[in-house]
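Heads up, the thing below is written out as structure tokens.
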Amino acid sequence: MTTTPAVAASTATTRYLKPAKATNAFNEFVLKLTKLGVSVLGSRVLSVRGRKSGELRSVPVNLLKLDGERYLVAPRGVTQWVRNLRVAGEGQLTVGRRTEAFTYTELADDEKPEILRAYLKRWKFEVGVFFDGVDAKASDEKLLEIAPGYPIFKIA
């Protein structure tokens, strides 16, 4: 699916691409399937308490498994779920009736290239538009350059 990012923040550390209407529709479809127990290429429903409302907020995410570890990558930058997760310090991942509570460690930029490369290799067709032409074949230097704009959480 191809979407055009609607809004981009000015600095890499606050980079945020607002989802287009088509993205919201696609996310809603994946969310419903995942809640029914159909994981779409590793999708999970991420639920996190809202930092202002305290209400549980849910969004579909791609759970990356790499070398025995699990990661959540935010391809659109510092999204609402990223902000909420940072404040809450914990979340839940769900597929069907299985829900797992988790905590996390947010990765430093110098830890991100291998994760970004694996993420792009697996989901470039879906999220490539958010990476401005960078793909899994990019150099470590290029991945380090873009790393500040892509929060990554190692799930514990």
Side-chain angles (χ1 to χ4, degrees), residues 1-6 15-50 56-138 140 142-144 146-156:
M1 183 176 109
T2 303
T3 59
T4 303
R15 180 183 162 276
Y16 171 63
L17 302 177
K18 185 177 179 181
K21 288 181 183 180
T23 301
N24 287 334
F26 178 75
N27 283 347
E28 192 62 33
F29 177 70
V30 172
L31 184 78
K32 287 179 181 178
L33 281 177
T34 307
K35 282 184 176 181
L36 290 171
V38 180
S39 176
V40 181
L41 297 173
S43 66
R44 299 290 188 274
V45 175
L46 169 65
S47 299
V48 181
R49 293 267 168 219
L56 208 55
R57 304 291 186 185
S58 297
V59 62
V61 292
N62 293 322
L63 181 64
L64 177 65
K65 296 178 182 179
L66 181 66
D67 299 330
E69 301 292 347
R70 299 176 309 150
Y71 302 91
L72 293 177
V73 176
R76 291 187 302 104
V78 184
T79 61
Q80 297 303 319
W81 72 259
V82 168
R83 293 172 183 154
N84 289 338
L85 189 59
R86 285 174 172 166
V87 170
E90 61 185 7
Q92 299 174 347
L93 292 172
T94 303
V95 176
R97 295 183 183 181
R98 294 176 307 182
T99 298
E100 169 195 8
F102 70 88
T103 58
Y104 66 86
T105 303
E106 188 166 358
L107 299 187
D109 292 341
D110 63 346
E111 299 174 286
K112 294 178 182 178
E114 178 185 8
I115 309 306
L116 288 170
R117 181 172 285 113
Y119 189 82
L120 284 164
K121 190 173 188 177
R122 174 108 169 123
W123 288 293
K124 183 181 187 298
F125 70 94
E126 180 184 336
V127 300
V129 67
F130 305 124
F131 284 85
D132 298 323
V134 175
D135 64 19
K137 295 177 184 173
D140 284 348
K142 183 63 178 176
L143 293 171
L144 274 171
I146 69 165
Y150 299 89
I152 300 178
F153 303 90
K154 182 177 174 183
I155 302 301

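Atom set for the values below is all heavy atoms of this structure, side chains included, hydrogens, waters and symmetry mates excluded. We're numbering straight along the sequence, starting at 1.
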Between NZ of Lys18 and CD of Gln80, what distance do you get to the nearest 0.5 Å?
-> 10.0 Å
In this structure, CD1 of Ile115 is separated from CG of Leu64 (nearest 0.5 Å) by 6.5 Å
Report the distance from atom CG of Asp132 to atom CD1 of Ile146, rounding to the nearest 0.5 Å.
-> 8.5 Å
Can you list the residues that meet the salt bridge (charged side-chain N to carboxylate O under 4.0 Å, His left out) rule with Asp135, with sequence neighbours excluded?
-> none
Measure the spacing between CG of Leu31 and CG of Leu46 and express it to the nearest 0.5 Å.
-> 10.5 Å
Partners meeting salt bridge (charged side-chain N to carboxylate O under 4.0 Å, His left out) with Arg122 (sequence neighbours left out) = none
Step-by-step side chain to side chain contact (heavy atoms under 4.5 Å, CB included) determination, Phe125 to Leu41 = CA-CA 12 Å; Phe125 70 94; Leu41 297 173; 3.3 Å; yes
By ring pair (Phe, Tyr, Trp, His ring centres under 6.0 Å) - contacts of Tyr119 (at least two apart) = Trp123
How far apart are the C-alpha atoms of Val82 and Arg76, what are their side-chain angles, what is the distance that settles it, and do they pass the side chain to side chain contact (heavy atoms under 4.5 Å, CB included) test?
-> CA-CA 10 Å; Val82 168; Arg76 291 187 302 104; over 6 Å; no
State which residues pass side chain to side chain donor-acceptor pair (under 3.5 Å) with Thr105; sequence neighbours excluded, sorted by chain then number.
-> none
Nearest heavy-atom pair of Ser39 and Val95: which atoms, and what distance?
-> CB-CG1, 4.3 Å
Residues two or more places apart in sequence or in another chain: which of them pass side-chain contact (heavy atoms from CB on, under 4.5 Å) with Ala138?
-> Val134, Lys142, Leu143
Inter-residue atom distance Ser43.OG - Leu63.CG, 0.5 Å rounding | 9.5 Å
Apply salt bridge (charged side-chain N to carboxylate O under 4.0 Å, His left out) to Glu69 and list each qualifying residue two or more places apart in sequence or on a separate chain.
-> Lys154
With Val73 as partner, the option from Ile152, Leu120, Val61 fulfilling side-chain contact (heavy atoms from CB on, under 4.5 Å) is Ile152
Output every pair passing salt bridge (charged side-chain N to carboxylate O under 4.0 Å, His left out) with a member in residues 27-43, not counting sequence neighbours, ordered by first then second residue.
-> none
Using the salt bridge (charged side-chain N to carboxylate O under 4.0 Å, His left out) rule, collect all pairs that involve residues 90-104, keeping only residues at least two apart or in two chains.
-> Arg70-Glu100
Please identify each residue that fulfils salt bridge (charged side-chain N to carboxylate O under 4.0 Å, His left out) with Lys124, with sequence neighbours left out.
-> none
With a 4.5 Å limit on heavy-atom distance, are the side chains of Leu72 and Arg44 in contact?
-> no
By side-chain contact (heavy atoms from CB on, under 4.5 Å), Thr94 pairs with (sequence neighbours left out) Val45, Thr99
Assess whether side chain to side chain contact (heavy atoms under 4.5 Å, CB included) is satisfied between Arg117 and Asp140, documenting all intermediate values.
-> CA-CA 9 Å; Arg117 181 172 285 113; Asp140 284 348; 3.0 Å; yes
Is the Tyr150-Phe131 ring centre distance short of 6.0 angstrom?
-> yes
Sorted by chain and residue number, the ring pair (Phe, Tyr, Trp, His ring centres under 6.0 Å) partners of Tyr71 (sequence neighbours excluded) come out as none
What's the spacing between Gln92 CD and Leu56 CG if we round to 0.5 Å?
-> 5.5 Å
Could you pull out all residues at least two apart from Arg57 that satisfy side chain to side chain donor-acceptor pair (under 3.5 Å)?
-> Ser53
